[in-house]
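All remarks here apply to the structure that follows.
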Amino acid sequence: MKSENNIQQFARQIIKVEVEAVEQLVNFVDEQFEKAVFELFNMSGRVIITGIGKSAIIASKIVATLNSTGTPAVFMHAADAIHGDLGIIRPDDKVICISKSGNTPEIKVLIPLIRNLGNLLIGMVGNLDSYLAHSADLVINTYVSKEACPNNLAPTSSTTAQLVMGDALAMCLLKLRGFTPNDFAKVHPGGALGKKLYTRVEDIISPDLVPRVNEEASLDTVIIEISSKMLGATAVENDKGEMVGIITDGDLRRMLQKKQNSENVIARDIMSANPKCIEAEELAIKAFNMMEEFKITQLAVMREGRYCGMIHIHDILREGVV
């Protein structure tokens, strides 16, 4: 038990060191950072991000974040760049080089080559008195006083600082671009996220399963309609085809619990007026949120003011929207 407590205490200390490193970044958001944001915002090319070692891994993640939020970006490994991948860089591109020390051999070889190409160079560096910092057109400071590693060797706090500063860059660009959830959906069409942002109610409801009864329908007719359409409810319509209510499984159970004489019961007697509805073109995730909010399992679906189907919470779950 004592050993376990020591591990817990040690882990908490590691987290505190990294939190302190991130908090310090607030002081490094300066004019150089702002200029870098506007250079990237106004460019006609792409952001080329490079690094070596753990910084290269962070560079790859920042590239992914930029691409997914409206800023075209490409990862270029610093070691591969000096063996042919330098050809990735186009005249209109801008380059971000990420390094803690700013003095690694690969960086020292790469920087003059980038400078010779004439592209703007942004250094994201933890050492302002380094080769990278002195060579870059703009410098984003990611200094950390110490690594979370007890030996102060393994990149921990420094890579966390790089990651967070990269997120800050990406989100500033997102804000300047006015990047909306719809824009986000266009570049995230797959998986649960894509389904959440793209799937609409009309994509889920079946035109062959539209439970409906007339308000004068008998109880037997109501039960058969609910059972046959398997959506746990049916809409109730008047003679004009207008929806005037809804009957759910729960409504039927409550009627039976009251031991009401059901012989002469018609749909209008047990329906709930003013049911919760959703438009067919709305996102399915909105339908799910409404069901959660009102603690119900289905919604009547409307199109141009007319009832056109029923969506059940199980349909949404089956589609993988949530």
Side-chain angles (χ1 to χ4, degrees), residues 21 24-63 65-66 71-147 152-153 155-170 172-173:
Q24 185 172 284
L25 293 180
V26 173
N27 301 318
F28 302 151
V29 177
D30 53 14
E31 291 183 1
Q32 293 273 297
F33 178 92
E34 185 176 357
K35 287 179 181 178
V37 169
F38 280 103
E39 285 286 350
L40 300 179
F41 175 67
N42 292 317
M43 70 178 182
S44 56
R46 306 158 303 166
V47 186
I48 308 298
I49 308 184
T50 188
I52 194 78
K54 304 300 186 296
S55 295
I57 297 172
I58 298 301
S60 183
K61 190 277 177 185
I62 296 173
V63 163
T65 301
L66 288 170
T71 300
V74 176
F75 170 67
M76 179 182 71
H77 196 282
D80 293 335
I82 59 181
H83 292 284
D85 280 5
L86 198 64
I88 290 173
I89 303 176
R90 300 172 183 172
D92 294 332
D93 295 338
K94 301 188 188 300
V95 181
I96 299 176
C97 184
I98 303 177
S99 175
K100 177 188 176 183
S101 71
N103 289 317
T104 56
E106 293 86 355
I107 297 298
K108 285 187 173 183
V109 172
L110 178 60
I111 296 306
L113 301 176
I114 296 173
R115 301 296 297 170
N116 288 339
L117 292 174
N119 298 79
L120 180 85
L121 175 62
I122 300 169
M124 184 181 290
V125 60
N127 178 8
L128 297 185
D129 189 25
S130 64
Y131 183 80
L132 174 57
H134 291 312
S135 303
D137 297 295
L138 295 169
V139 174
I140 296 175
N141 189 358
T142 53
Y143 169 78
V144 296
S145 58
K146 61 179 178 179
E147 297 287 4
N152 198 31
L153 294 174
T156 44
S157 301
S158 59
T159 48
T160 299
Q162 293 166 355
L163 181 66
V164 172
M165 196 62 92
D167 285 343
L169 269 177
C172 286
L173 290 166

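None of the values given here were measured: they were computed from a predicted structure.
- Counting heavy atoms from C-beta on, the side chains of Asp129 and His134 come closer than 4.5 Å.
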Review point. Given the rule in the side chain to side chain contact (heavy atoms under 4.5 Å, CB included) test, do Thr50 and Asp85 qualify, once you have shown the distances and angles that lead to the verdict?
Key: CA-CA 11 Å; Thr50 188; Asp85 280 5; over 6 Å; no
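- Minimum heavy-atom separation, Val139 to Ala133: CG2-O, 3.4 Å.
- No donor-acceptor pair under 3.5 Å is formed between the side chain of Ser135 and the backbone N or O of Leu132.
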Exercise for review: Step by step, work out the side chain to side chain contact (heavy atoms under 4.5 Å, CB included) result for Ile48 and Asn119.
Suggested key: CA-CA 10 Å; Ile48 308 298; Asn119 298 79; over 6 Å; no
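- Counting only residues at least two apart or on different chains, the side-chain hydrogen bond (donor to acceptor under 3.5 Å, both in side chains) pairs with a member in residues 96-112 are Lys100-Glu147.
- Between Ala81 and Leu110, the shortest heavy-atom distance links the atoms CB-CD1, 3.7 Å.
- Checking side-chain atoms of Thr71 against main-chain N and O of Leu66 turns up no donor-acceptor pair under 3.5 Å.
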Practice item. Apply side chain to side chain contact (heavy atoms under 4.5 Å, CB included) to the pair Ile52 and His77, showing each step before the final yes or no. Key: CA-CA 6 Å; Ile52 194 78; His77 196 282; 3.3 Å; yes
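- Each of Asp92, Val63, Ile88, Leu40 was checked for a side-chain contact (heavy atoms from CB on, under 4.5 Å) with Arg46, and the lone residue meeting it is Ile88.
- If you run side-chain contact (heavy atoms from CB on, under 4.5 Å) between Val37 and each of Asn42, Ile122, Leu169, Ile140, only Leu169 comes through.
- Not a single donor-acceptor pair under 3.5 Å links the side chain of Gln162 to the backbone N or O of Ser55.
- Considering only residues two or more places apart in sequence or on other chains, Asp137 meets the salt bridge (Lys or Arg N to Asp or Glu O under 4.0 Å) condition with Arg115.
- Nearest heavy atoms, Ala56 versus Gly51: CB-O, 3.4 Å.
- For the pair Ser157 and Val144, the tightest heavy-atom approach, listed with the atom from each and the gap, is O-CG1, 3.7 Å.
- The side-chain heavy atoms of Tyr131 and Pro112, taken from C-beta on, include a pair separated by under 4.5 Å.
- Here Asp167 pairs with Lys61 under the salt bridge (Lys or Arg N to Asp or Glu O under 4.0 Å) rule; sequence neighbours left out.
- Taking every heavy atom of both residues into account, Phe28 and Phe33 meet most closely at O-CB, 4.4 Å.
- Residues Leu163 and Thr159 are not in side-chain contact: their nearest non-hydrogen atoms beyond the backbone lie 4.5 Å or more apart.
- At least one side-chain heavy atom of Leu86 sits less than 4.5 Å from a side-chain heavy atom of Ile114.
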